[in-house]
Participant: 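Before I ask anything, let me first share the structure, which is written out below as structure tokens.
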Amino acid sequence: MSYGILSFGAYVPALRLDRKAIFGAVGWAAPNLRALASGERTVANWDEDSITMAVEAGLDCLNDVSSTVDHVSMISTTFPFADRSNSGLIADALNLGTDVGTEDLAGSRRAATSGLSRALKTGASSSLLIASDCREAKPASAQEMSYGHGSGALLLGEGEPIAEFLGSASEHEDLVDQYRSTGADYDYSLEERWVREEGWLKIAPTAMANAATAANVKLSDIDHFVVHGAIGAMKGLAKTIKVDLSRFEDNLASACGDTGAAHPFLMLASSLEKASPGETIMLVGFGQGVDAVVIKTTSALVGMRAKKGLKKFMERRRSTENYTFYLSLRERLGLDFGLRAERDNRTALSAYYRKRRDINSMIGGRCSKCNALQYPLSIVCVSCGASGTQSEETLSTKLGRVKSFTEDWLAYTPSPPCIYGNVEFDGGANVMLEFTDFESGSVSVGDEVRLVYRVKDRDDKRDFHRYFWKPAPLISA
Amino acid sequence: MAKGIKDKVAIIGMGCTRFGERWDCGPEELMVEAFSEALSDSGVDREQIEMAWLGLFMQEQSAGKSGLPLSMSLRLPNIPVTRVENMCATGTEALRGAVYAVAAGACDVAMAVGVEKLKDTGYPGLPERSKGTFDDLWLPNATAPGAFAQLASAYQAKHKCDASDLKRAMAHVSVKSHANGVLNPKAHLRREITEEQAMNAPMIAAPLGLYDCCGVSDGAACAIVTSVEKAKEMGITDMVTVKAMQLAPSNGFEMSTTGWDGSYLETTRIAAGRAYQEAGIKNPDKELNMTEVHDCFSVTELVVMEDLGLCDEGQGINAVLDGKFDKDGQVPCQIDGGLKCFGHPIGASGLRMAYEIYLQLQGRAGERQLNSPTMGLTHNLGGHPFRNVASVSVFGLHAA
């Protein structure tokens, strides 16, 4: 038993936008984007945001893990709520109980590495750190090409670590390579060469050297460098610290894009999926300074990682070349969806509070008298009529089976058709649910589905949105 | 031991407006139109009506959710007026209230009026509604066609039938109703359609296309009832009496458990079983001469034929395609054109169905008159297949 990294997880949305399609649509205005127009980027579906992606990475991380979680941190620069505990919602969705500590960390793209460094140095409690970012980019900007959406998670605690902590170091410098002021929609970026020369190649080497010293290893002996910079910065950095570029983890630029504050954890997940036991990894976070964290993998890694990580989510793809579809999903383009889109989605928050367990953790009721599982949990059992006999049981982690469904072209959804249907769960429960991530023609009665936590409705009048669980296609591990 | 409602109450007058996009009418005009016809049909004076029930589902029309819209529009002499709503069974619920009042001996003459003014909502289909503060948090924002389309997917999966066979049978349901509606001057849609048109129409909620869906319209209908004894005193011949009125709301079995496979309508089966018992019907497809069922969507009618015991389970497609429910079939269905051609002003529909049965039993149905029917059934299904209110009523000649 020792303190360290016990598990990891990652997530990227299924939807991928072909960068050539972006250039095809906006190249007339921004011919310079041609140089970036290769590969594809991940795009969050209309019902995904940094919270929902964080839940996915959290579930991936906690899959097959028996340790308890004392503390949940959500790390992001794109929190859906500025004043409402984002990590609290995540803790509920992960059904972690009300006694876990929750905190939201923000302010920089290196917030995840800062949080990790501090947690590992403190080594106090079992902590789930989830970094998730869903940055929007101005149409025809370089960021629209280079950004992606995704999340990564690490579980720290006492147990049998998959990686041990060796040491870390930080430098902070107010080098404003890019910024987003409070309330702004988009990042404002400065010249890339300046950022590389003055930032990556001057600040990072110092922090990395100090971290190596703290870890009592030579920089040149480190097996893998996880550095979330552009390829130019990585090349320069490799040269500066005199290690071969092959030891740098792929920055996922071609298939995913830069996922902001989530990217260090996302890349680390990718690295941990391949690393051998006993290897050292230096994780670097950059943004108004640098964090460098050195860890060493253990033999427990191989057994733990079988069902986890980024690869399965990267392989599951729904590609599109439809630029206006992407713009509309991400609310960059206001299409006329007709009268039904005008529905008032006010949430009665007092009713929500009473039913928060049903909604956030998808808690159903298991009758102690007849054993029937039902959703929602009710006072009187639907099967045997007994009163007050139901105990809580979550459906969110169960597989469902489609009993009936339709593709509805009349109901409003930002991604028509609105697919919904009745889904059965082992144990006897049936729930009518809105589906997500399915394309028209891809659902059949009898299909198995998994549940994902997503935005259910947006209330544009009150700038609020509510979340619930939806059936989605299975992920093959 | 209660004996049920059979042959205790007579319908002595009915009225029904033309259904349709009645842009020049509000609820007041519609209620007055239906009431005027019913009153002159009944042979009673308006002062003899002692109690009234108003079926009005969707809007707070004129004076809000109360009996006031009816009392105010008809300038009733301050008699008791109760507003009822029970989804698409609302009109039938109004009639049930009036019928039970007479049967209880609380009054001699009672009235039921159902009305809905849908075309002021601005929606081409049924308007968006909140499902309540909790259900809005988790149930999909389903539309009626989307909810009923699932009957088709589950029916097809259960009976392993070919999707194109089911679609063709659904098309036949609509073609038949349109052919009936052509003959009805009060119907909204009075145009024949072909099977090909129905099968190739734009998709609304797969597999339901445009012609698989009923219309949306404005309308009102009215019934005046009294006791059989009083009707006899009035010298009414061809007396139409209530044989059964049954209601079965869901309790969560369908939507919360795996016990229901989604391919049939649980509550319709329960309500039909009780209604047949109350009316003393043993072989529905031999004893009933016609049905007016809740054909909100073509697939609903097909499945309802099985649930009412008018054909065997799993045989709906064959029975429909064989013409069993056509105008000249064994048990004609929607002889007036149904919801398909009338549209579905929710509060009025149940009474509109009773109006057709009433006319047919009295031989007053004009061009669409069937050959001497003696017993007919109406059926409403309010809500969605997985959570609904079903009503089944039987009306017949007093002698039958």
Side-chain angles (χ1 to χ4, degrees), chain A residues 339-340 342-348 350-352 354-355 358-359 362 364 372-376 378 380 382-383 401-413 417-422 424-435 440-441 443-446 456-457 466 468-470, chain B residues 121-158 160 163 202-210 213 250-263 297 299 384-387:
Chain A
L339 202 56
R340 290 183 191 279
E342 294 173 12
R343 183 185 56 229
D344 189 338
N345 286 323
R346 175 184 175 270
T347 298
S350 51
Y352 158 76
R354 285 195 300 277
K355 299 289 190 179
D358 308 52
I359 299 303
M362 206 170 175
L373 180 64
Q374 52 215 283
Y375 184 88
S378 54
V380 181
V382 71
S383 288
R401 193 172 50 257
V402 179
K403 176 155 93 181
S404 64
F405 75 100
T406 188
E407 294 179 0
D408 189 337
W409 294 92
L410 187 62
Y412 167 66
T413 165
C418 187
I419 303 178
Y420 51 88
N422 281 283
E424 296 183 329
F425 295 87
D426 286 342
N430 177 83
V431 193
M432 163 109 145
L433 296 164
E434 179 182 337
F435 291 30
S440 175
V443 185
S444 299
V445 170
K456 182 173 183 305
D457 298 298
R466 53 194 181 207
F468 189 55
W469 297 86
K470 301 180 183 177
Chain B
T121 65
Y123 282 84
L126 290 177
E128 293 276 335
R129 283 188 305 122
S130 168
K131 297 176 288 295
T133 52
F134 176 42
D135 285 359
D136 276 349
L137 299 178
W138 64 280
L139 274 174
N141 300 311
T143 63
F148 280 89
Q150 292 178 58
L151 256 188
S153 70
Y155 184 93
Q156 189 191 328
K158 181 181 184 185
K160 298 184 173 51
M203 199 57 83
I204 303 294
L208 303 179
L210 183 65
C213 307
S250 293
N251 59 19
F253 162 72
E254 300 99 313
M255 75 184 299
S256 298
T257 76
T258 52
W260 178 67
D261 64 21
S263 73
F297 303 97
V299 70
H384 294 159
F386 42 84
R387 181 170 67 177

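We name chains A, B, ... by the order of the sequence lines, and we start the count at 1 in each one.
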Participant: Would you indicate whether the side-chain heavy atoms of Leu208(B) and Trp409(A) approach each other to under 4.5 Å?
Facilitator: no

Participant: Show your reasoning for whether side-chain contact (heavy atoms from CB on, under 4.5 Å) applies to Ser383(A) and Thr257(B).
Facilitator: CA-CA 8 Å; Ser383(A) 288; Thr257(B) 76; 4.1 Å; yes

Participant: Return yes if some donor-acceptor pair links the side-chain N/O of Lys456(A) with the main-chain N/O of Asp136(B) below 3.5 Å, else return no.
Facilitator: yes

Participant: Which one, Ser263(B), Ala206(B), Pro207(B), Gly122(B), leads in non-hydrogen pairs under 4.5 Å with chain A?
Facilitator: Ala206(B)

Participant: Quick check on Asp358(A) against chain B: is it the side chain, the backbone, both or neither that has a heavy atom closer than 4.5 Å?
Facilitator: side chain

Participant: List the atom pairs, with distances to 0.1 Å, where a side-chain N or O of residues 427-434 of chain A and a protein N or O form a donor-acceptor pair under 3.5 Å, not counting sequence neighbours.
Facilitator:
residue: Asn430(A); atom: OD1; partner: Lys403(A); partner atom: NZ; Å: 3.3
residue: Asn430(A); atom: ND2; partner: Asn422(A); partner atom: OD1; Å: 3.0
residue: Asn430(A); atom: ND2; partner: Met255(B); partner atom: O; Å: 3.0

Participant: So which residue, Ala154(B), Ala142(B), Gly125(B), Pro385(B), ends up with the most heavy-atom pairs under 4.5 Å with chain A?
Facilitator: Ala142(B)

Participant: Given a strict heavy-atom distance threshold of 4.5 Å, which part of Phe386(B) is in contact with chain A: side chain, backbone, both, or neither?
Facilitator: side chain

Participant: Shorter than 4.5 Å, heavy atoms on both sides: which option in Gln150(B), His384(B), Glu128(B) has the most such pairs with chain A?
Facilitator: Gln150(B)

Participant: Show the nearest heavy-atom pair for residues Gly146(B) and Asp408(A), with the distance to one decimal.
Facilitator: CA-OD2, 3.6 Å

Participant: Please identify each residue that fulfils ring pair (Phe, Tyr, Trp, His ring centres under 6.0 Å) with Tyr352(A), with sequence neighbours left out.
Facilitator: none

Participant: Looking at CG of Asn141(B) and CG of Leu410(A), how far apart are the two atoms once the value is rounded to the nearest 0.5 Å?
Facilitator: 12.0 Å

Participant: Has the side chain of Ser153(B) got a donor or acceptor atom that lies under 3.5 Å from a matching backbone atom of Phe405(A)?
Facilitator: yes

Participant: So Ile359(A) and Phe134(B), do their side chains get closer than 4.5 Å, heavy atoms only?
Facilitator: yes

Participant: In terms of heavy-atom proximity below 4.5 Å to chain B, should Asp457(A) be classed as side chain, backbone, both, or neither?
Facilitator: side chain

